[in-house]
Amino acid sequence: MSLMMGLLTSLCALAQDDINLEKYRAQSVKKWEQAITRLEALDQSEKHPDHSILFIGSSSIRRWDEIAADMAPYHPIRRGFGGSRWSDVAIFADRLIKPHKFRALVCFVGNDITGAKNDKSPEEVVALFVCVWKKARAHQPDAPIFYLSLIHI
């Protein structure tokens with residue numbers, strides 16, 4: 001078994017039960033519905049090849065203005081929104097993912113474990129990521145999924 005498959009197996013074991021997204025839904029919809037609607041409008045107006053790389057997550061994705069140049073020769077689809085958290089991405093995952101065919105999915109959210117009082121536990125972040133991973137797998141079972149993380153030393 002490869003190291004990555006072992007890591008994924010471990011992550012899924014930590015998140016054995018499906019997380020209940022309903023406890024996050026009202027707050028996420030209130031805060032992000034307009035941003036998601038704007039992204040859905042882009043889905044209607046922009047055309048992307050099926051071999052694109054879909055980027056979803058928080059403001060680091062949204063504000064990555066040079067993504068096309070940085071990712072060349074790959075074609076990126078940028079679908080980041082504000083200061084979103086993993087719970088927000090999980091709530092809107094179907095709306096962010098399903099409109100697209102993609103070669104790979106890249107996820108980045110850095111707002112859940114920052115040292116603030118309202119941080120999520122690492123286990124909760126893993127469960128939310130696994131929720132997004134499962135939705136992406138259901139849509140495109142063979143596309144690689146990349147989780148970007150930052151380490152502050």
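Closest heavy-atom contact between K120 and S87: NZ-OG, 3.2 Å. Across all non-hydrogen atoms, the minimal contact from I61 to G80 is CG2-N, 3.6 Å. The shortest heavy-atom contact between I97 and L105 is CD1-CD2, 4.3 Å. Nearest heavy atoms, V89 versus G57: CG2-CA, 4.1 Å. The nearest pair of heavy atoms linking F146 to A104 is CE1-CB, 3.9 Å. Nearest heavy-atom pair, S58 versus G110, reported as atom, atom and distance to 0.1 Å: OG-N, 3.7 Å.
The pair E33-R38 does not count as a salt bridge, with every side-chain nitrogen at least 4.0 angstrom from each carboxylate oxygen.
T37 has its side chain out of reach of Q34: every pair of non-hydrogen atoms, C-beta onward, lies at least 4.5 Å apart. Looking at heavy atoms from C-beta onward, H139 lies in side-chain contact with F102 at the 4.5 angstrom threshold.
Side chains of S84 and N111: a donor-acceptor N/O pair is absent below 3.5 angstrom, by distance only.
Residue I91 forms a side-chain contact (heavy atoms from CB on, under 4.5 Å) with just one option from R25, R85, Q27, and that option is R25. Checking each of F108, F92, Y147, Y24 against W86 for a ring-ring contact (aromatic ring centres under 6.0 Å, His included) leaves exactly one that passes, namely Y147.
A salt bridge (Lys or Arg N to Asp or Glu O under 4.0 Å) check over residues 53-69, counting only residues at least two apart or in different chains, returns the pairs D65-R78.
Panel note: side chain D119, backbone T114; a donor-acceptor pair is recorded below 3.5 Å.
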Could you give the side-chain donor-acceptor pairs of residues 67-76 under 3.5 Å, partners two or more places apart or in another chain?
residue : atom : partner : partner atom : Å
D70     : OD2  : W64     : NE1          : 2.7
H75     : NE2  : H48     : ND1          : 2.7

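In this structure D43 satisfies the side-chain hydrogen bond (donor to acceptor under 3.5 Å, both in side chains) test together with R79, H100, sequence neighbours excluded.
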